[in-house]
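The structure under discussion appears below in the form of structure tokens.
By convention here, the first residue in the shown sequence is residue 1.
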Amino acid sequence: DGSLLVVAFAGLIVVFAMWWLYFAGSAHDLLTSSRAGIVWGYGHYVVFASTAAVGAGIAVAVDHDAHKAHVSGVVAGYTVAVPVALFLLSVWALQVRPHVRGLRTVVYPIVAGLVLAVPFSPAPVVGVAVLLALLVVVAVITPGRRHP
């Protein structure tokens, strides 16, 4: 079915964009103290959990499009949107907000909010993929300056 291919391709874009956003900058200069290391380490529980939940959400979206899941399209969309929003906010809190200046400091929370509105659209996984791809573009063209 064509809709399953679209969901699968959009899911791939979501995963690749998340990878790009996480590894966009080096992290070696972020760990400047024990406190920063503890926040960094425990903050990654949210990063890893939300990343794993995105995979489960994409599986629910595929099952919904294959008419195997007994949930609404909005619920299936939120199984992808909520973990993506959590991922964006946790990466923002750990890597962007405390260490980067510029447009990227505000665009991550804005995109996270928009991602949470996408499940009401007809193709929520595609909408999330488009938003993440646009965020990758912003991250690439607006290099954030590190705080001294």
May I have the list of side-chain donor-acceptor pairs in residues 73-81 shorter than 3.5 Å, sequence neighbours left out?
residue: Y78; atom: OH; partner: L116; partner atom: O; Å: 2.8
residue: T79; atom: OG1; partner: G57; partner atom: O; Å: 3.4
residue: T79; atom: OG1; partner: A76; partner atom: O; Å: 2.5

Distance-only donor-acceptor pairs under 3.5 Å for side chains of residues 3-17, two or more places apart:
residue: S3; atom: OG; partner: D1; partner atom: OD2; Å: 3.1

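Cluster membership check: I141 does not share its hydrophobic cluster with L134, using side-chain heavy-atom separations under 4.5 Å among Ile, Leu, Val, Met, Phe, Trp and Tyr. Hydrophobic clustering, with ILVMFWY side chains joined whenever heavy atoms are under 4.5 angstrom apart, groups W92 together with V118. Under a hydrophobic clustering in which Ile, Leu, Val, Met, Phe, Trp and Tyr are joined whenever their side-chain heavy atoms come within less than 4.5 Å, directly or via other members, V84 and W20 fall into the same cluster. Cluster membership for V125 and V136, using ILVMFWY side-chain heavy atoms within less than 4.5 angstrom, is shared. Under the 4.5 Å side-chain contact rule for hydrophobic residues, V96 and W19 share a cluster.
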Pair L89-Y108, side-chain contact (heavy atoms from CB on, under 4.5 Å): steps then yes or no: CA-CA 7 Å; L89 292 175; Y108 275 73; over 6 Å; no
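The shortest non-hydrogen separation linking A85 to V115 is N-CG1, 4.3 Å. For the residue pair A139 and L21, the shortest heavy atom distance occurs at CB-CD2, 4.1 Å.
Residues satisfying the side-chain contact (heavy atoms from CB on, under 4.5 Å) test with V39, not counting sequence neighbours, are R35, L94. Under the side-chain contact (heavy atoms from CB on, under 4.5 Å) criterion, A123 pairs with V126, not counting sequence neighbours. With sequence neighbours left out, the side-chain contact (heavy atoms from CB on, under 4.5 Å) criterion links L114 to I110, L131.
Here the side chains of L88 and L135 are in contact, with some heavy-atom distance below 4.5 Å.
The list of ring pair (Phe, Tyr, Trp, His ring centres under 6.0 Å) pairs with a residue in residues 34-66, not counting sequence neighbours, reads Y22-H44, W40-H44, Y42-Y45, H44-F48.
Atom CG of residue L132 and atom CE of residue M18 lie 7.5 Å apart, to the nearest 0.5 angstrom.
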